[in-house]
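Single-structure report; data block below.
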Amino acid sequence: MRRKMAAGNWKMNGSRAALSELEAIAALSADFDVDTLICPPALYVSEALGQASGTSLHIGAQDCHFETSGAHTGDISAAMIVDLGATHVILGHSERRADHGEDSEHVREKARAALGAGLTAIICVGESEDQRLAKNTLDIIGGQLATSVPDVSTAANTIIAYEPVWAIGTGRTATTIEIDEVHDFIRGRLIHRFGDDGQGMRLLYGGSVKPTNAAEIFATDNVDGALVGGASLKAEDFVPIIRALAAS
Ligand code: PEP
């Protein structure tokens, strides 16, 4: 049985004052039997951990370098994230792939570093609109999965997020038929490669998940939760999503 997860990616949003939302998210979701996670900007991880202390809300980071230390101005290592007490890191988000030229090899090296440091990696895959229109979605996802997910991944340390690039931050959500097809495909690939661990790895959907569409998405096979951007910034949006997940 895979434990459900609602993960929030704050991207480059928020402020110290906005961290008070974490208290509200933690308090209002305490009774739901799902894992909850917020990944604020790296500068706020430490203070976010303080806000979440004593609650079941997990705090993670949005990226890490693949080296453990060294001359990498502006970067943070997996060990630093662990040092603060955070537990998860998002890797291979399409905005990192697009804005920072990260390819799947980079993502795999980052994932290796994250898992080696003891973090849980949320590895993102997803096709662009052009790739979907060209009917290449499953080839793209298959390639990203094969290269981005390291051999050392297990059900306990790796979560896969399927995020169609055209659905991120656009208000356009994949249909449940599209989500079902891709999640089934990912599950098949993971079982083929990792056996029981592939069966146990959690699959999150991401791309304009909102309180109004969450229940329908969570009713889809092989959807174990969501990676949520915009709607994770406010408790009033994120908590109904968590509630829908718990009820699914
Ligand atoms: C994301 O940032 O991973 C994401 C899915 O964003 P949004 O929910 O805003 O589409």
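Whatever order the structure lists them in is the order used to number ligands and atoms, beginning at 1.
Residue contacts with ligand 1 do not include Ala231, since none of its heavy atoms lies under 4.0 Å from the ligand.
Residue-level proximity to ligand 1 for Glu163 is carried by the side chain, the only part with a heavy atom below 4.0 angstrom. At a heavy-atom cutoff of 4.0 Å, ligand 1 is contacted by the side chain of Asn9 but not by its backbone.
For ligand 1, the polar-atom distance check against Gly206 finds no nitrogen or oxygen pair separated by under 3.5 Å. Between His93 and ligand 1, a contact under 3.5 Å exists for at least one N or O pair.
Ion pairing between a basic and an acidic side chain is recognised when a charged N comes within 4.0 Å of a carboxylate O; Glu102 and Arg97 show no such pairing. Salt bridge Arg112/Asp151: absent, no basic N to carboxylate O contact under 4.0 Å. Salt-bridge formation is detected for the pair Glu129/Arg172: a Lys NZ or Arg NE/NH1/NH2 atom is positioned less than 4.0 Å from an Asp or Glu carboxylate oxygen.
The hydrophobic clustering, which links ILVMFWY residues whose side-chain heavy atoms are closer than 4.5 Å, places Tyr162 and Leu204 apart.
Interface of Gly230 with ligand 1, defined as ligand atoms under 4.0 Å from a residue heavy atom, comprises 7 (P), 8 (O), 9 (O). Using a 4.0 Å cut-off to heavy atoms of Ala167, the atoms of ligand 1 that qualify are 10 (O). Under a 4.0 Å criterion applied to the non-hydrogen atoms of Gly169, ligand 1 contributes the atoms 7 (P), 9 (O), 10 (O). Less than 4.0 angstrom separates some heavy atom of Gly207 from each of these atoms of ligand 1: 5 (C), 10 (O).
When each of Thr158, Asp35, Asp224 is checked for a side chain to side chain donor-acceptor pair (under 3.5 Å) with Arg202, only Asp35 meets the rule.
Put simply, the side chain of Thr175 does not reach to within 4.5 Å of the side chain of Ile179, judged on heavy atoms.
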